[in-house]
Amino acid sequence: MHAIGVDIGGTKIAVGVVDEDGRILAQVRRETAADDVADIDRAIADAVTELTKEHEVGAIGLAAAGFVSPDRQGVNFAPNIAWREYPLAEKVGALIDSDLPIVVENDANAAGWAEFRFGAGRAATDMIMLTVGTGLGGAVIVGGELVRGKWGAAAEVGHMRVVPEGHYCGCGHEGCWEQYASGSALVRDAQHAAVAYPDRAARLLELAGGSPEEIRGPQVTRAAKEGDELAIELLATLGRWIGEGAASVAALLDPEIFVIGGGVGAAGELLLGPVRRGYEAQLSALGHRPVAQIELARHGNEAGIVGAADLARR
């Protein structure tokens, strides 16, 4: 049975028809506004309607960046989209001329499930996915099952507190892991470095048109691949934060593999090397236990679509 997966972001949604082997057969995109939830609903319904005209599907999965309700029908809270106790499945269903079942899943859970079923973690039984993007999302697979928790809020690893009285976070607290281990953290540190050390940041400033405020993550990755010393250091700092936090997660869950997803994965070993070193430096009982693999995700930006569809189908 084919299913539709919808990956909902703050500025756009990606919608695809996915077969039983995790292949996307057709895909469309729509622009959205994070502060207009009705606009997001309409965009989803419009895209789904377009795809169902050409493809027969049996379910719809919505991958949402937020705390999903236990019944997997709504979003209780989202840091970056205006969802508060929002019945997302009901709202979208009312706009679609169909009785297809609709399932809501956390976007990181969806991406993690795609990697577990069809990607880097397909040979594992216990896997943790870390999606390093604007924030830091997570997915936890234990014994082949996705862990959602009693109230659907499990695996929000980005909101573990790692620095008391640290940087403010969109969740309303301070010092969350995602404030140090995310694409946003990389950009913040790069922009600050460009102001404090303009000579060292010459290449980054060149790529950003001379303005520190215009520095973005892909520019840091590009400069690092060119051998720029500051950019390499910035990625190493990000990698260390990811690795050290992963070691704390491993103390609780003892996975066999961590899968790193998100845009920063484009840095490859420039990121993975520091992640692995940071992980081993903080891993308890090192030398007396197996060390988890740390690998890049294989599904890229399509993981949310694939995972949401497969979870809805199941």
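Please read all numbers here as calculations on a predicted model, not as lab measurements.
- For R203 (side chain) and R200 (main-chain N/O), no donor-acceptor pair under 3.5 Å exists by modelled atom type.
- Applying the salt bridge (charged side-chain N to carboxylate O under 4.0 Å, His left out) rule to E256 yields no partners; only residues at least two apart in sequence or on another chain are considered.
- Ring centers of F258 and Y279: under 6.0 Å apart, within the cut-off.
- Checking L51, D46, L62 one by one against V15, the side chain to side chain contact (heavy atoms under 4.5 Å, CB included) holds for a single residue, L51.
- Across all non-hydrogen atoms, the minimal contact from A247 to L283 is CB-N, 3.9 Å.
- Residues that satisfy the salt bridge (charged side-chain N to carboxylate O under 4.0 Å, His left out) test with D21, not counting sequence neighbours, are R23.
- Applying the salt bridge (Lys or Arg N to Asp or Glu O under 4.0 Å) test to residues at least two apart or on different chains, the pairs with a partner in residues 70-98 are R72-E105.
- In this structure a side-chain-to-backbone donor-acceptor pair under 3.5 Å is missing from W113 to A303.
- Between H167 and Y180, the ring-plane angle classifies as tilted under the 30° and 60° cut-offs.
- Using a cut-off of 4.0 Å between Lys/Arg side-chain N and Asp/Glu carboxylate O, E269 and R276 are scored as salt-bridged.
- Using a cutoff of 4.0 Å between basic side-chain nitrogens and carboxylate oxygens, D228 and R222 are not scored as salt-bridged.
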Run the side chain to side chain donor-acceptor pair (under 3.5 Å) test on R42 and T32 for me, step by step, so that the C-alpha distance in whole Å, both residues' side-chain angles and the decisive distance to 0.1 Å come before the verdict. CA-CA 9 Å; R42 289 189 294 269; T32 59; over 6 Å; no

